[in-house]
Novice: 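Submitted below is the structure of interest, expressed as structure tokens.
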Amino acid sequence: MNFSAYLKNDAYIDGKWTAAASDKSFAVFNPADGSKIASVADCGKADTERAIAAADKAFASWSALTATARAEKLMAWHALMLAHENELANILTAEMGKPLVEAVGEIRYGASYLEWYAEEAKRVYGDVIPHSSGDVRTLVVKQPIGVCAAITPWNFPNAMLMRKVAAALAAGCTMVAKPAEDTPLSALAIAALAEQAGIPPGVLNILPTSKAAEVGQALTSSPIVRKLSFTGSTEVGRLLLEQCAPTIKKTSLELGGNAPFIIFDDADIDAAMEGLIASKFRNAGQTCVCANRIFVHRSVHPEVTQKLIDRVQRMKVGPGDTAENDIGPLINVAAVEKVEKLVAGAMRAGAQVLIGGDRHAAGGLFFQPTVLDNISNDMEIARSEIFGPVATLIPFDSEAEVIALANDTPYGLAAYFYSRDIGRVWRVGEALEYGMVGINQGIISSAAAPFGGVKQSGLGREGSKYGLEDYLEMKYLCLGGIAE
Ligand code: SIN
């Protein structure tokens, strides 16, 4: 496998590649075979404080650049990411496990945020509001919030960082990012390309670490850091929100989901099947927006079940760097054990395994693509985010019933439904309590779209013009003395 010059071992702080202050490092493993890929600087509190100081210093000059000047650098970075997409994808597949074709897709998806925000930064408009006095004008301007922190997950080690960093840098903010312990190499490779693209020292800092709590605490408690953006579990998001409270930081939290995927009796079943396969089995089921509960109208249940089994039967499981494989390994032992436990619990509660249901014969961290029937909405597997290649089928009889079931969760990230009835499309789209709804569409992610959830799935939006707002502060200028 070609790992290239972009495989880095050091942290990236203030434009320099540097060992951790403690001189300690930690190992990064390939989940497909357990082999060691690299030893990476294990950053702690001192490194975090150094990175925050560097980002603070860089903020003055970076935010003073015109949006056009910042956009030029982001576009140079975008071009480099695309030019090196295969090297980046190889690193991503090695540390995370997803099939190479999905990894290349992720690099392009990640890079698309650079292009989108390079363009969008030029459209940060203010307002002029009429005032009741002729001598006064009311103006609104938008300014970058300052130094931002990002804590990013292992399931999209490139795209989740790019979604945050592109918006932050386009807005004129600087950033200190902590990638997930399992997947720091993609973030470091991104920084190497940022350096090559001419992003100035201190504007982007990357802190690999095995001490997430220590670095997280240093980021959230710093009064210099004005905003935190986090993608990960609701449990950790809640903790980070508490830690941000004393310094009243702005937060964007993209947290857990429990996506319903509803197939109505009037759906185009083949289209629904395409959407379901993409939504459920992308990244081996390890996305926050994966179909987690598949509600199927009782009248089409036999057809859907048969078609799903046919598709799942053909899926190839194995290392992501082998071209024909569709499903890679799960990220670590804890992930496999969690999926195994959820499946076993569902079976004890009366679920029927239609295909799969166990670890894969390939061994290690591979799990069989699985279809479970006879699931009910109160089973543990339907209450939890599965984060594995397990499809759970729940039959329903009416629209009102399925909306109530779909909304019966504390989460509200993504939902999907398939129907060809225009009235139903509108009714159900409005009734689902989710931040994002895919209608006759199983893949909803795009740089142009506001990604984010309601309820316990998070705060704020990433992507689109709304994602840029999350890195800007509004300032009201009251201008008097106009009259002669
Ligand atoms: C996620 O799983 O958090 C993000 C998935 C996506 O952007 O499509």
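Note that ligands are numbered from 1 as they come in the structure, with each ligand's atoms numbered from 1 the same way.
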Novice: Checking a contact table here: which protein heavy atom is nearest atom 7 (O) of ligand 1, and how many Å away?
Specialist: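 Checked against all protein heavy atoms, atom 7 (O) of ligand 1 sits closest to Y109 OH, 2.7 Å.
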Novice: Near T287, which atoms of ligand 1 are under 4.0 Å from a heavy atom of that residue?
Specialist: 2 (O)
Novice: Near E324 CD, under 6.0 Å, is it more than 12 heavy atoms from other residues, nucleotides or ligands?
Specialist: yes
Novice: For atom 8 (O) of ligand 1, find the nearest protein heavy atom and state the residue, atom name and distance (0.1 Å precision).
Specialist: S445 OG, 2.4 Å
Novice: Does F261 have R293 sitting over its ring (NZ/CZ under 6.0 Å from centre, angle to axis within 45°)?
Specialist: no
Novice: Going by atom types only, do R383 and N258 share a side-chain donor-acceptor pair under 3.5 Å?
Specialist: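 No, no side-chain donor-acceptor pair sits under 3.5 Å.
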Novice: R282 heavy atoms, cut-off 4.0 Å: which ligand 1 atoms fall inside?
Specialist: 6 (C), 8 (O)
Novice: With a cutoff of 4.0 Å, is Q286 in contact with ligand 1, counting heavy atoms of the residue only?
Specialist: no
Novice: Purely on distance, is any nitrogen or oxygen of C288 under 3.5 Å from one on ligand 1?
Specialist: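 N/O-N/O distance below 3.5 Å exists for this pair.
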Novice: Before signing off on this row, confirm whether N155 and ligand 1 have an N or O atom pair separated by under 3.5 Å.
Specialist: yes
Novice: Go through the steps to decide whether D182 and N332 satisfy the test side chain to side chain donor-acceptor pair (under 3.5 Å), and finish with yes or no.
Specialist: CA-CA 8 Å; D182 286 315; N332 54 34; 3.2 Å; yes
Novice: Who's closest to atom 3 (O) of ligand 1 heavy-atom-wise, of E462, E106, E254?
Specialist: E254
Novice: Under 6.0 Å from the ring centre and within 45 degrees of the ring axis: does the NZ or CZ of K227 meet both conditions for the six-membered ring of Y471?
Specialist: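 Positive - K227 is close enough to the ring of Y471 and near enough to its axis.
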Novice: Students should be able to answer this: which protein heavy-atom is nearest to atom 5 (C) of ligand 1, and at what distance?
Specialist: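 Nearest neighbour among protein heavy atoms for atom 5 (C) of ligand 1, to 0.1 Å: F156 CE1, 3.6 Å.
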Novice: Is the Lys NZ or Arg CZ of K98 less than 6.0 Å from the centre of F156's six-membered ring, within 45° of the axis?
Specialist: yes
Novice: Show, in sequence, the C-alpha distance, side-chain angles and deciding distance for R311 and E274, and conclude whether the salt bridge (Lys or Arg N to Asp or Glu O under 4.0 Å) test is met.
Specialist: CA-CA 9 Å; R311 290 292 294 263; E274 289 307 319; 2.7 Å; yes
